[in-house]
Q: 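The structure's right below; bear with me while I get my questions together.
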Amino acid sequence: MRPGPADPGPSAPPPYPGDDDRPPATWPPVGEEPRQRLHPLSPALHGAKSLVVVIAGLSWSTLSRVGFGWFAVLVTVFVLGATVLSVISWWNTGYHLVGRELRVHEGLIWRRTRAIPLERLQAVEVVRPLLAQLTGLAELRLEVVGGGKTEAPLAYLSVAEAGALRQRLLAVAGRAPETAPPAAGAPPAPAPAGRRLHTVRNANLLVSQLLTPQAFLLPFGVAFVVAQFLSEGSWSFIAVASTLTAMAGVLLQPVRRVLDDWSFRLDRDDDTLRVRNGLLETRMQTVPLHRVQTVGVTWPLLWRVKGWLRLRLEVAGYSTGEPDDRNRPDRLLPVGDAQAAELVVAEVLPGVRLDALPATPPPPRARWLRPLTRTAVGAGLDEQVFVSRSGLLTRRMTLVPYARIQSVRVTQGPAQRRLRLATVHADTAGGSGAAAVDRDLAEAWQLAADLIARAHDARRRQRRD
C-alpha cells in the first residue's frame with residue numbers, strides 16, 4: 001500500500017500567499033480576518049493633540065498682536081479642522097490579519113495599504129499617553145527588523161483590545177504561544193509574570209536629574225534674569241513669558257527624563273527583557289536578548305559623588321530614524337549603583353563583570369593628539385566582550401559581545417600616520433559598535449585579527465548551542 005501525503009495536523013501554519021506557484025487570483029484567503037477599525041474616541045484624542053500643537057505653534061507675539069479673542073478664534077478653527085480631518089481619517093483606517101501579514105489601510109486623499117510580514121516582527125510596544133490613560137485607551141507600535149521607523153502605530157485601541165492584539169501578533173510571529181482572545185466584555189488575560197530584576201527608586205531618579213548641568217546652573221540663570229529686570233525696571237508680559245519659555249527649554253531634558261523613567265521596572269521573561277516606565281505616558285517595551293548589540297555604561301561627573309551610573313542598550317532591528325529617541329528601547333538602567341549595574345549586566349551579558357574589564361590606554365606618543373584625554377580612553381579584550389572606554393568629565397564604556405561584531409576596520413588619519421597610530425572599529429548590526437582609538441599600528445593590526453578570530457569562534461559556539 002502506497003503511503004499518502006503526510007497530514008500536517010491542526011497545528012500546521014496556514015499557507016502563506018506567494019509561497020506556492022498558483023497565480024494570485026487563485027490563492028485561498030487562508031487566515032484572513034475581517035477588517036477592524038480603531039476606537040471611536042481616536043479622533044477626539046487626535047484633536048486634543050492638535051490643540052496642544054496649535055497653541056505651541058502660535059507664539060506669544062501673535063497673542064499680543066491679535067488679542068485674546070481672535071487668538072481663541074484661530075485656535076478653535078484649527079482644532080475643529082483637525083478634528084474633522086481626524087474623523088475622516090479614522091473612518092478610512094483599518095487593520096486585519098491576512099495569513100502571516102498585518103495589513104493596515106489608511107489615507108484620506110491618497111489611500112495606501114501597508115503589509116507588514118510578521119516573521120520580521122521584533123516587538124509590539126504598548127504605549128499609553130496621558131489622554132489615553134484618562135480614556136482607557138492604548139497605542140500599539142510595531143518594531144520590525146530593518147525598519148527605518150516604527151511601523152503601523154495603531155492609535156488608539158481599548159486596553160483589552162490592545163493586549164489581545166499584541167498577544168495575537170506575537171503568537172503569529174512565533175514569539176509566544178497563541179491564546180484564545182477574551183470573550184466579549186471579559187477582562188484581558190494578565191500578562192505572564194516574569195522575574196523582577198530591578199526597580200529604580202523615584203527619589204533617586206529625581207536626585208539624579210538635579211545633579212545635571214542644567215539643574216545645577218539654573219539658579220545662576222534665574223538670578224541673572226531677575227537682576228536684569230530689576231535694573232531695567234520692566235516687567236512686561238512678553239518679557240516674562242519669553243524668560244519662562246527660555247527656562248522651560250533649559251529644564252526640558254531633565255524633566256523629560258524624570259517623566260519618561262518614572263516607576264522604571266526591569267523584568268526578565270525567558271529570553272526577553274521587559275521594560276515598564278513612564279508617568280504621563282506609560283510604556284511597556286520588550287527587548288529580545290538575542291538582538292542586543294552593545295551595552296553602554298555612563299558615569300556622569302556629578303553622579304560619581306554618589307557612585308551612580310547609567311546603562312543603555314543598542315538593539316538591532318529597532319528603528320534609529322525616529323526623531324523622538326523615546327521610541328527606542330535603549331534604557332537598561334536610568335540610574336543605579338555599581339551593585340545594581342552588575343546584576344543587570346550579568347543578565348544581558350552572562351559572565352561579564354564591570355569591575356574586572358581590561359582597558360589599556362594608547363601609547364605615550366598619543367598625547368600629541370590627546371593631550372588631556374590620553375589616559376581617559378582605552379580598549380581591551382575580555383573573555384566575552386570587546387571593551388572601549390572614553391570621556392574625561394563624563395566617563396563612558398561600551399561593551400560589544402564578540403558574536404555581535406559584523407565587521408572590523410582599521411583606519412588612519414594624517415596625524416596618526418605620522419605618529420604610527422591607528423584606530424580599530426568593531427561594527428555591529430545596530431550601527432555604532434565601539435572603537436579602540438590611537439593604538440600603536442602593530443597593536444592595531446593584531447587587535448583587529450584577534451577581534452575577527454574571536455567573533456568567528458563566538459558565532460560558531462552560538463550556532464552549536
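Note that the structure is predicted; figures quoted are calculated from it, not measured. Keep in mind that the numbers below use all heavy atoms, side chains included, and drop hydrogens, waters and symmetry copies.
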Q: For Arg312, which residues count as a salt bridge (Lys or Arg N to Asp or Glu O under 4.0 Å) partner, sequence neighbours excluded?
A: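 Partners of Arg312 under the salt bridge (Lys or Arg N to Asp or Glu O under 4.0 Å) test: Asp330.
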Q: Does the distance from a Lys or Arg side-chain N to an Asp or Glu carboxylate O, for Arg195 and Asp269, drop under 4.0 Å?
A: no
Q: What is the minimum heavy-atom distance between Leu451 and Ile405, and which atoms define it?
A: CD2-CD1, 4.1 Å
Q: Between Arg141 and Glu125, is there a salt bridge with N-O shorter than 4.0 Å?
A: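 Answer for the salt bridge query: no.
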Q: Between the side chains of His39 and Ser158, does any donor sit under 3.5 Å from an acceptor?
A: no
Q: Under 4.0 Å between a side-chain nitrogen and a carboxylate oxygen: does that hold for Lys306 and Asp337?
A: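 Result for this pair is no, no salt bridge flagged.
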Q: Counting heavy atoms not belonging to Arg37, are there more than 12 under 6.0 Å from its CZ?
A: yes
Q: Can you sort out the partners of Val84 under side chain to side chain contact (heavy atoms under 4.5 Å, CB included), two or more places apart, ordered by chain and number?
A: Ile88
Q: Under the side chain to side chain contact (heavy atoms under 4.5 Å, CB included) test, which residues partner Leu85, sequence neighbours left out?
A: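 Applying side chain to side chain contact (heavy atoms under 4.5 Å, CB included) to Leu85 gives Leu108.
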Q: Say you draw a straight line from NE2 of His105 to OH of Tyr95; how long is it, rounded to the nearest 0.5 Å?
A: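 So the gap between those two atoms works out to 12.0 Å.
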Q: Assess whether atom CG of Asp355 is packed by more than 12 heavy atoms of other residues, nucleotides or ligands within 6.0 Å.
A: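 Enclosed: over 12 neighbouring heavy atoms sit under 6.0 Å from CG of Asp355.
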Q: Would you give the length of the straight line joining atom CG of Leu142 to atom CZ of Arg166, rounded to the nearest 0.5 angstrom?
A: 10.5 Å
Q: Please check if atom CZ in Arg459 has more than 12 non-hydrogen atoms from other residues, nucleotides or ligands closer than 6.0 Å.
A: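 Counting neighbours around CZ of Arg459, more than 12 heavy atoms of other residues, nucleotides or ligands fall under 6.0 Å, so yes.
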Q: Does the side chain of Glu106 come under 3.5 Å of the side chain of Ser89 through a donor N or O and an acceptor N or O?
A: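 Short answer, no.
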